[in-house]
Structures are given as structure tokens and as C-alpha cells.
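Please read the structure below before turning to the comments.
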Amino acid sequence: MLRDDLYSQVVSWLKVLLPLAALALLSTLFMLSSKVEYGDIPVAQRDLANRASKQQITAPYYTGATDDGALVSMTATAAKPDPDAPGRVSADGLWTRIDLSDGTVLTFRADAATIDEPEDRADLTGNVRIESSNGYVMLTEGLRSSMRAVAAESMGPVKATGPAGKLDAGKLKITADDASGAVQLVFTNGVKLVYEPAT
Amino acid sequence: QTNIAFGANAENQNAPVEVTADSLSVDQKNGTAIFTGNVVIGQGTLRLAAPRVLVVYRQDSQQISRLEATGGVTLVDGDDAAEAESADYNLDTRTIVMQGSVLLTQGPSAITSDRMVVNLDDNTAQMTGRVKTVLQQGE
């Protein structure tokens, strides 16, 4: 008789102890699991505050047309409005393409630019690179350009390579000939061209 | 037809062409380039100066085929000098065609004509059209 009582006691204890052991085992499972680092999300606190305070657009895209029908498209890595001048936007890594009515294409690339829509002026600064579809590549440090017409002027000396050879000039002016509308690249303030004849 | 030696030496062959000017305007549509304002074309010992030079490209490639200088041109090579109203420097055929009251001065003697073709490879010049020679008597 006694053995039966003992057996049933043991079973009834086991009915309690075994689930508890299982629970214990289960709970340690979460503790042992490998820690997932949530710590360093790449946006620092200061950057968050900075972004919140200034409205900043990343990779904005602007398209428009000039009075004489040239299509202008402009993009940048980031652009933010200038707090003290309404209507003025400062952009980094600007890229502009102008498709002209006569089929030629001009692309402008600069490290930084301030675009002033009301003043109809865009100032490009820092490694400004201008390429034209008929093979001219021009490098300068600064370029001031109108937004509504094909009219731009370099703010300093310019180096160019193109069909006519390698060229240094004191200033570059880009204008559209009012009669034919054809775009003229005018290198002024002294021009020196070196051309290697094909041997 | 008068043949004269012209120019210092022949190694100008494919020396780089250097053009300096006040300004250069390039028309993007048809690609013509015009130098204006005391333009000087230099190649080796050759100097061609003019107020205006038009660059003409070859049809196929982007190579320059001719330089057209107008508006009163002076050409100097070594100690020979020539003046004319216009000069057409053809880089392919290596010739310079000068036209319009050409005056060639070589040392004391001077020759005038309507037209002169300078061949840069063999340093000769042919003058045609009312050629007149003025010989300075040595004083």
C-alpha cells in the first residue's frame, strides 16, 4: 500500500515540478540569446536637431524652361533655403543640364551653388565644370549664370579643352546669339590656345 | 611666277600651333571659332599676326584644317617678313596663301604682288600677279 501512496505522491509532485522546470528553461532561453546592438544608428543627436531646425531637401530636382525655349534641369545632393534671404537656396553638389532649342546640350557641375530665383541668378562655386555637346570641357572656380536665359560668365580664369585644342582664358562668357539663338562660348581677357596638329 | 626662298627652317612641320588673342568666340551650333583682337599664330619660328582669325575644321574629324587670317596680316619666319590683306594657313597642305597687296621684304630687297603662296615644307614662296621687285642700292 505504502509503495502505491509513494508512487502517486511522486507523480503529483512531478506534475508540478516538471512544468516549472520547463518554464524556467524557456525563460533562460531569451536571456542567453545573442545581444542585438541597437546603439549606434548613424544619425547623431546634433544632426537630428540640425535637420529638424532647417528644412533640408536631399536630391532635389528642378526643371524649367528659359524664355528662348531651352530646357533646364537641375539636381543637387542637398539643398536648403537661405534663412536670411527669402527665395535664395544654397545647394551642394549641383548638376545642371540645359538642352538648347538648336540641339546642343550644356551641362554644368559644381561643388556648391546659391540659386536666387527672384534675382534670376545662380552662382556656382568650387570645381565648376562645363561641358558642351560639341566637345568643349571648361574648368573654372566660379560661374555666375542667369536662370531664365542662356547667359553665364565665369568669375575668374578658365581652362578649356575642345576641338580647337587646349585653351587658357581670363574669362568665359556663355551667351545666346539673339539673331540665330545659337549659343556662343566667348573666351576673353586674353586667350592662349595650344593645338597639336595630328602627325 | 617668281620663286623665292622663304622662312628659316623646315622643322616647323608638326610643331604645336599656338594662338594667342584677346578673345575667342565659339559658335556651338556650327562649331566655328573666331579669334579677335591682335591674334598671333605661332608655330616653330613662324609668326602670323592679324586682327581676326577664323578657325575652320576638317569635315570628318575635329581637327583644324585651316586658319583664315583677315584684316591686315603680317607673316614673319626667321628674318623674312611678308604683309598682305589676308592669309589662309592650311595646316593639311602646310601652305600659307597670302592675298591683297602682298609685300615681301627680305633683307634690303622688297617684292610686291597680288598673291603669294608660301610652302612651309620646303620653305619656298611663289608670288603671282603684278610682281614688282624693288632693289635697294646699297648706300
Side-chain angles (χ1 to χ4, degrees), chain A residues 68 70 98-108 130-138 150-154 157-199, chain B residues 10-69 89-96 120-121:
Chain A
D68 43 23
I98 304 181
D99 289 67
L100 293 143
S101 38
D102 61 15
T104 50
V105 176
L106 286 173
T107 61
F108 301 80
I130 307 146
E131 283 177 47
S132 82
S133 51
N134 69 355
Y136 278 86
V137 175
M138 290 148 273
V150 178
E153 194 176 304
S154 78
V158 61
K159 271 196 181 327
T161 53
K166 285 197 301 295
L167 176 75
D168 287 286
K171 184 188 266 292
L172 163 71
K173 283 201 184 94
I174 303 175
T175 58
D177 182 83
D178 12 21
S180 68
V183 170
Q184 308 277 340
L185 296 179
V186 181
F187 298 93
T188 56
N189 291 19
V191 172
K192 180 165 180 292
L193 172 111
V194 177
Y195 169 72
E196 306 283 345
T199 47
Chain B
E11 47 72 14
N12 287 345
Q13 233 88 12
N14 33 44
V17 177
E18 222 181 73
V19 184
T20 55
D22 287 352
S23 71
L24 160 70
S25 83
V26 179
D27 187 304
Q28 286 299 285
K29 195 149 65 157
N30 46 38
T32 56
I34 302 172
F35 287 97
T36 47
N38 42 58
V39 186
V40 175
I41 303 172
Q43 184 177 33
T45 57
L46 179 135
R47 286 292 172 280
L48 180 63
R52 189 176 176 282
V53 170
L54 169 72
V55 180
V56 177
Y57 296 105
R58 245 186 248 141
Q59 284 314 328
D60 51 10
S61 72
Q62 299 277 19
Q63 296 289 336
I64 295 184
S65 79
R66 282 188 304 111
L67 292 172
E68 278 174 21
Y89 178 12
N90 188 319
L91 273 81
D92 304 337
T93 61
R94 311 245 335 108
T95 61
I96 300 179
L120 293 174
D121 286 337

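Any value given below was found using the heavy atoms of this structure, including those in side chains, with hydrogens, waters and symmetry copies removed. Within every chain, numbering begins at 1; the chains are lettered A, B, ... in the order of the sequence lines, protein sequences first and strands thereafter.
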Please classify the contact of Leu172(A) with chain B as side chain, backbone, both or neither, using a heavy-atom distance under 4.5 Å. neither
At a 4.5 Å cut-off on heavy atoms, which part of Asp168(A) comes close to chain B: side chain, backbone, both, or neither? neither
Answer with side chain, backbone, both or neither: which region of Ser132(A) has an atom nearer than 4.5 Å to a non-hydrogen atom of chain B? both
Measure Val17(B) against the heavy atoms of chain A and call it side chain, backbone, both or neither at under 4.5 Å. both
From the options Val26(B), Leu24(B), Asp27(B), select the one residue that forms a side-chain contact (heavy atoms from CB on, under 4.5 Å) with Leu185(A). Val26(B)
Side-chain contact, heavy-atom cut-off 4.5 Å: Tyr195(A) with Val55(B)? no
With a 4.5 Å cut-off on side-chain heavy atoms, are Phe35(B) and Val191(A) touching? yes
